[in-house]
Amino acid sequence: MSSQLPDPSAEERAHSDRLLARVREEIAAHGPMPFAQYMERCLYAPGLGYYSAGKTKFGEAGDFITAPELGDLFARCVVNAVYPVIQMLGDAVDFLELGGGSGAFAEAALKAFAAQGAMPRRYYILEPSADLRERQRDRLAEALPSELFAHVLWLDRPPEQEWQGVLFANEVIDALPTTRFAMRAGEVYEEYVTLDGEGRLMRVDRPADALVSGAVRHVERDLGEEFPEGYRSEILPQLPYWIQAVAGTLTAGMMLFADYGYVRREFYLPERNDGTLRAFYRHRAHSDPLYLPGLNDLTASVDFTALAEAGNGAGFGVAGYMPQAQFLIGSGLQDIFGVAYESAPDEAARYALAQQVKKLTLPDQMGERFQVMLFARGMDVLPLPAELLEADQGDRL
């Protein structure tokens with residue numbers, strides 16, 4: 001596998017070796033490490049994790065491209081969908097973006113809010129990575145007029161005071177440290193990371209605790225059948241607690257999640273018997289999460305049925321669920337594209353806009369692989385565009 005991937009530089013390898021040494025020390029001191037804990041170290045260990053270190057993650061120079069990195073159209077559509085909610089809630093309304101990435105979404109969204117004339121009081125970015133936070137701050141300070149930049153505030157943790165507005169998360173759930181489970185002789189096992197006799201990382205299964213086992217049995221009951229012998233996949237038993245933590249103080253407004261994934265019966269298909277876990281390294285996907293820890297983005301697809309259950313459990317109602325293409329079209333993509341196309345300075349810019357639409361909407365690109373889920377709470381009427389309401393596929397959940 002590794003022979004098919006680009007070789008890391010000496011500096012990158014040394015960086016990975018430092019994280020690997022820390023993981024080995026933890027395992028030596030405390031025993032085998034649950035895979036979710038290993039994934040958390042690989043992604044978020046201070047100064048060493050994938051999202052916590054200085055390596056470029058997003059765009060052509062990184063390891064993957066997100067919808068906001070393609071251009072402004074995605075953010076403009078999101079703003080088009082949510083600005084009526086901002087208007088309805090009044091002056092004391094805020095917008096909270098979870099995981100601001102490169103800052104591309106915030107830049108485009110703030111400009112779009114200003115153009116709509118419905119600017120949130122504060123544009124919060126909840127960003128745990130100090131490195132990414134500084135990159136976002138530099139980008140937005142340079143790209144935005146001072147009066148727009150003044151709306152932006154960074155948070156270390158979710159708001160502790162009650163607030164109203166919109167919570168937005170693009171490709172966040174897939175990066176939550178996931179639990180890997182396996183079925184053996186009818187019992188639920190959890191995947192751990194440990195060391196072999198030569199100190200190399202390896203994966204082993206151990207009997208699951210009550211939380212993991214209960215989460216797997218819940219899925220089986222919902223599907224109406226037991227997982228077969230040897231079946232292996234992912235589950236997020238912490239998802240209900242995570243939703244409550246990030247959105248528990250949102251008393252009125254909506255949440256919008258965009259990510260790649262499936263409804264539960266498609267997530268746990270019999271043929272998907274090794275789950276959805278993937279590692280991304282320089283725009284190449286591979287299946288070995290133990291390879292070069294700290295240099296790969298580790299990710300698993302989202303069970304949107306589980307997300308709906310978690311949102312319901314936190315007091316929100318599902319207001320819509322649909323493929324990303326349908327969400328963008330229902331949020332005015334055609335008109336937004338038309339305006340941008342007419343004002344494009346040259347043919348190259350118009351071509352780039354057309355390519356952006358294709359990547360965002362075609363089924364084999366992001367259009368069907370990515371899904372959008374909307375939640376609402378504390379609003380008598382949710383002023384979503386009629387086209388969005390018509391596109392709802394919540395009955396598939």
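These numbers come from a predicted model, not from an experiment.
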Could I get the full list of ring pair (Phe, Tyr, Trp, His ring centres under 6.0 Å) partners for [X], not counting sequence neighbours?
X	result
F227	F181, Y231, Y268
Y241	none
Y262	none
Y189	none

Walk me through it: do Y51 and D297 pass the test side chain to side chain donor-acceptor pair (under 3.5 Å)?
CA-CA 8 Å; Y51 287 109; D297 179 33; 3.0 Å; yes
Beyond-backbone contact of [X] with [Y], side-chain heavy atoms, under 4.5 angstrom:
X	Y	answer
V79	F74	no
V85	Y83	no
V263	Q371	no
L70	M366	yes
V193	P32	no
P120	D94	no
H151	R121	no
L307	F257	yes

Sidechain N-carboxylate O distance under 4.0 Å for [X], [Y]:
X	Y	answer
D364	K359	no
K111	D72	no
D131	R135	yes
R139	E107	yes

L362: which other cluster members, linking ILVMFWY side chains closer than 4.5 Å, directly or transitively?
none
Using a 4.5 Å side-chain heavy-atom cut-off and chaining through intermediate ILVMFWY residues, the residues clustered with V204 come out as Y192, M202
Flag if over 12 foreign heavy atoms under 6.0 Å of [atom1], [X]:
X	atom1	answer
E11	CD	no
E271	CD	yes
E160	CD	no
Q87	CD	yes

Could you tell me if [Y] and [X] have a donor-acceptor pair between their side chains, going purely by distance under 3.5 Å?
X	Y	result
S102	E69	yes
Y123	E97	yes
T276	E234	yes

Euclidean distance, [Y] [atom2] relative to [X] [atom1], rounded to 0.5 Å:
X	Y	atom1	atom2	answer
E347	R350	CD	CZ	4.5 Å
D174	Y260	CG	OH	3.5 Å
D91	Q164	CG	CD	11.0 Å

For residues 324-340, which side-chain N or O atoms pair as donor and acceptor with protein atoms under 3.5 Å away, sequence neighbours left out?
from : atom 1 : to   : atom 2 : distance (Å)
Q324 : NE2    : L360 : O      : 3.1
S331 : OG     : F327 : O      : 2.8

Salt bridge (charged side-chain N to carboxylate O under 4.0 Å, His left out) partner of D303, the single match among R265, R264, R272
R264
The criterion is side chain to side chain contact (heavy atoms under 4.5 Å, CB included); which residues satisfy it with [X], sequence neighbours excluded?
X	answer
E40	Y44, P177
Y351	Q355
R217	M183, E187, V188, S213, E220, R221

Working note: S301 + R278, criterion side chain to side chain contact (heavy atoms under 4.5 Å, CB included); need CA distance, chi angles, decisive distance, verdict.
CA-CA 9 Å; S301 296; R278 286 161 290 174; 3.1 Å; yes
Nearest non-hydrogen partners of P237 and T179, listed with the distance
CD-OG1, 3.8 Å
Minimal non-hydrogen separation, L167 against L98, with atom names:
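Looks like CD2-CD1, 3.8 Å.
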Show your working on salt bridge (charged side-chain N to carboxylate O under 4.0 Å, His left out) between R184 and E229 and close with a plain yes or no.
CA-CA 6 Å; R184 296 171 55 180; E229 174 72 16; 6.0 Å; no
Derivation and outcome, salt bridge (charged side-chain N to carboxylate O under 4.0 Å, His left out), residues D17 and R22:
CA-CA 9 Å; D17 286 345; R22 181 173 296 184; over 6 Å; no
Using the side-chain hydrogen bond (donor to acceptor under 3.5 Å, both in side chains) criterion, which residues pair with N170? Sequence neighbours excluded.
none
How far apart are the C-alpha atoms of T194 and R203, what are their side-chain angles, what is the distance that settles it, and do they pass the side chain to side chain donor-acceptor pair (under 3.5 Å) test?
CA-CA 6 Å; T194 188; R203 292 188 275 176; over 6 Å; no
Enumerate, atom names and distances included, each donor-acceptor pair closer than 3.5 Å involving a side-chain atom of residues 390-397, sequence neighbours excluded.
from : atom 1 : to   : atom 2 : distance (Å)
D392 : OD1    : Y321 : N      : 2.8
D392 : OD1    : G394 : N      : 3.0
Q393 : OE1    : R396 : NH1    : 3.2
R396 : NH2    : E266 : OE1    : 3.3
R396 : NH2    : E266 : OE2    : 2.8

Starting from the C-alpha separation in whole Å, work towards a yes-or-no answer on salt bridge (charged side-chain N to carboxylate O under 4.0 Å, His left out) for R133 and D156.
CA-CA 10 Å; R133 189 181 310 175; D156 296 316; 2.7 Å; yes
Aromatic ring proximity Y291/H286, centre distance under 6.0 Å
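Yes - the distance between ring centres of Y291 and H286 falls below the 6.0 Å cut-off.
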Check: F304 ring centre within less than 6.0 Å of F267 ring centre:
no
Checking L236 against W242 for the side chain to side chain contact (heavy atoms under 4.5 Å, CB included) test, could you report, in this order, the C-alpha distance in whole Å, the side-chain angles of both residues, the deciding distance, and whether it holds?
CA-CA 10 Å; L236 288 172; W242 183 85; over 6 Å; no
